[in-house]
Novice: 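Handing you this structure, nothing more for now.
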2 protein chains.
Amino acid sequence: MAAVGGSPTRALRFLFGYGLRARSAVAATLSGPRGLVYEQHGEPAQVLHLKDVALAKLGDFGVHMKIIAAPINPSDINMIQGSYAILANLPAVGGNEGVGQVMDTGNSVTTLKPGDWVIPADAGLGTWRTEAVFDEKILLKIPPDIPLTCAATLGVNPCTAYRMLCDFETLDPGESIIQNAANSGVGQAVIQIAAAKGIKTINVVRDRPNLQDLIDRLKSLGADHVITEEMLRKPEMKDLFKEIPKPSLALNGVGGKSATELMRHLRQSGTMVTYGGMSKQPVTVPVSALIFKDVKLCGFWMTQWKRANAQSKDKLETMIADLCTLIRKGQLVAPACQEVPLVDYQAALKISQEPYVSVKQILRM
Amino acid sequence: MAAVGGSPTRALRFLFGYGLRARSAVAATLSGPRGLVYEQHGEPAQVLHLKDVALAKLGDFGVHMKIIAAPINPSDINMIQGSYAILANLPAVGGNEGVGQVMDTGNSVTTLKPGDWVIPADAGLGTWRTEAVFDEKILLKIPPDIPLTCAATLGVNPCTAYRMLCDFETLDPGESIIQNAANSGVGQAVIQIAAAKGIKTINVVRDRPNLQDLIDRLKSLGADHVITEEMLRKPEMKDLFKEIPKPSLALNGVGGKSATELMRHLRQSGTMVTYGGMSKQPVTVPVSALIFKDVKLCGFWMTQWKRANAQSKDKLETMIADLCTLIRKGQLVAPACQEVPLVDYQAALKISQEPYVSVKQILRM
């Protein structure tokens, strides 16, 4: 295992060649398509097995790709457990995110060619496998000059952060947002994308023994203020708002009391977008906040956004291009990641399900 | 006291003449401007006193009006208690809604003339008085051919219902909405306006001894389905949705569990608008409803809408014209009202604060 940070210096092009060169290199290292398959819902450690997986036929619109790296996200776990909003037909291959390289394409494929790097444009593809044939229209080309961990984790968390900062409130430079779960994958992306836009961030985290380390780390990413859930409830919060304007946007990945507190600091007519519920508690809203403060509540789910925008990839491509620009400039780095060979998936699953995990497990094929 | 229903046959024009005729008739019946004044916040029965109230100077833009009738609304009570979102400068005259007739106008007034009937275009004017001078821009002319009780109660509840049905979801004929507090002033207006538009309504009420009477009455107004809070939680609700499509709009005047249940029956990406919190409980939203069902929550407050639209009265005038058309067609009647002479305000206040009140108290000046 090799611990790999999000440094932009380590780029995919140094790992793999282009075009047919890549194809022959890949062919030399594979014994045949394998993947982490589950035949029933349950605890991933029990139901997932590394097996041979048959390749679909290439057909006219198929793209044969080698998958290079795929993260283990909480939603992947929930999907295998059978508790997620979308479930795969069984038997299924686990994993929803990842990065791969095109090896071959069907005759009618026009947007991709061998050597291109691609990420899924939809959830549910099953990325925890060594190679696969997917339809051209559910793949998205990405530039080859971004770090592997950024590429493997680009399609969900940074995209979620990007959309939440763009689609709900008009945020001019100097304005502010508030978020909880600020140390999550989405939270770290929010800090960085907001900082690049000149938007101030108030970042709420849970108290912990190494709090100052976390504060320092998030500030190094561009966080303006990092506070604990307890501080969020104190009257001293009003001092903070002498320095920066009250936020018009709150991003909620926690639910429960944390969400209610975020809302309390929103300015008149602000919006709270919920994208996660780590506390497993619902969101509770005082009626007066809705009526008199005109607070709006909504949710965001990247999977739904991608499906709603599946007909035209324009918005998706623009977003990916913008995010890759930030990555190249060093303004957006991946969260701390640990690469784990596919065969060691049991260890990676275990770590990924521990509480307070702050190192994302990335399966390397 | 006379019990007066919302029948469109009783029109203001039969009670009062027009123009200067009205003015002299008014002058003959008044001993001088009087009103229900409170000098401190507290229980209305204790702090309100019927007193002489000085008239403001007419000035160039002033409108001297006789107030004919003014309802007692829950928000009037809360404002006097000091627990409402907007409070008047003390001492103040109670009341926010009502209908009056113009007696005289300042030299620069262009939109109103003596004899015109007017309602407030903003909250906080203090309508529980016999006459007043208000600025032209905070008054709105209404047609003289609608029933007195409709005119006196036009500016808040029917307007709230109208806006909530227009401004949040596009509702085509045949589509449905769901609402709790269906027997409230807003609820009854929602039923009637929706019925006139061909929109199906699912109306939730609290169980009570005379439930069937209430169901019959709401159905006579145009309600498609009337159910109790208990029925709302039962699996049999799915049978109802064999008859009509799931609602894209929920209107919440209650909060608490009732609101959560309303939300549960919304279709994907629907909106719940909260305009009241009768249960005094907050609104609780499952995180999954926000993220995966894409439910949106917001609030509506007529006072805020009027202030946001104060620069141009176009939208307000269009709404009033639309509502008056419905009233003239018999498609929108006022809720059951009881007229009470101003001097008997203590009795009216008492009745208006009793639980399960279904007869609105209207002060007659």
Side-chain angles (χ1 to χ4, degrees), chain A residues 75 78-79 83-87 123 160 164 167-168 180-181 186 250-260 263-264 266 268-305 307-308, chain B residues 75 78-79 83-87 123 160 164 167-168 180-181 186 250-260 263-264 266 268-305 307-308:
Chain A
S75 56
N78 297 150
M79 213 163 151
S83 62
Y84 199 56
I86 52 165
L87 299 176
T160 299
M164 293 197 300
D167 293 351
F168 296 92
N180 55 23
V186 171
L251 305 177
N252 168 38
V254 178
K257 281 181 188 167
S258 177
T260 308
M263 234 180 309
R264 207 161 62 78
L266 273 179
Q268 180 79 20
S269 302
T271 299
M272 184 168 82
V273 183
T274 293
Y275 67 91
M278 266 171 33
S279 73
K280 300 194 190 295
Q281 297 293 316
V283 174
T284 300
V285 201
V287 163
S288 61
L290 293 164
I291 302 177
F292 302 125
K293 201 171 166 182
D294 191 29
V295 163
K296 291 172 277 289
L297 268 78
C298 54
F300 184 79
W301 186 26
M302 199 61 224
T303 298
Q304 192 164 57
W305 187 91
R307 289 179 179 182
Chain B
S75 56
N78 298 150
M79 212 163 153
S83 61
Y84 199 57
I86 53 164
L87 299 176
T160 299
M164 292 196 301
D167 294 351
F168 296 92
N180 55 22
V186 171
L251 305 178
N252 168 40
V254 178
K257 281 181 188 168
S258 177
T260 308
M263 235 179 309
R264 208 160 60 80
L266 274 178
Q268 179 80 19
S269 302
T271 299
M272 184 168 82
V273 183
T274 293
Y275 67 91
M278 266 171 34
S279 73
K280 299 192 191 298
Q281 297 293 316
V283 173
T284 300
V285 202
V287 163
S288 61
L290 292 165
I291 302 178
F292 303 125
K293 201 171 166 182
D294 192 30
V295 163
K296 290 172 278 287
L297 269 79
C298 55
F300 184 79
W301 187 26
M302 199 61 223
T303 298
Q304 192 164 56
W305 187 92
R307 290 179 179 182

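Below, chain A is the first sequence line, B the second, and so on; all start at residue 1. Remember, predicted model here, so these are calculated numbers, not experimental data.
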Novice: Using a cut-off of under 4.5 Å for heavy-atom pairs, which of S288(B), G276(B), P286(B) has the most such pairs with chain A?
Specialist: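 That would be G276(B).
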Novice: Under a 4.5 Å heavy-atom cutoff, which of L297(A), V287(A), I86(A) has the most pairs with chain B?
Specialist: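 Max contact count across the listed options: L297(A).
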Novice: Name the region of V295(A), side chain, backbone, both or neither, that has any atom closer than 4.5 Å to a heavy atom of chain B.
Specialist: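 Looking at V295(A), just its backbone touches chain B.
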Novice: Among I291(A), T303(A), T284(A), which residue has the highest count of heavy-atom pairs closer than 4.5 Å to chain B?
Specialist: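 The residue among I291(A), T303(A), T284(A) with the greatest pair count is I291(A).
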Novice: Who among N252(B), V283(B), D294(B) has the most heavy-atom pairs with chain A under 4.5 Å?
Specialist: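 Of the candidates given, the most pairs with chain A belong to V283(B).
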Novice: For F300(A), is it the side chain, the backbone, both, or neither that has a heavy atom closer than 4.5 Å to a heavy atom of chain B?
Specialist: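 It is the backbone, since no side chain atom gets that close.
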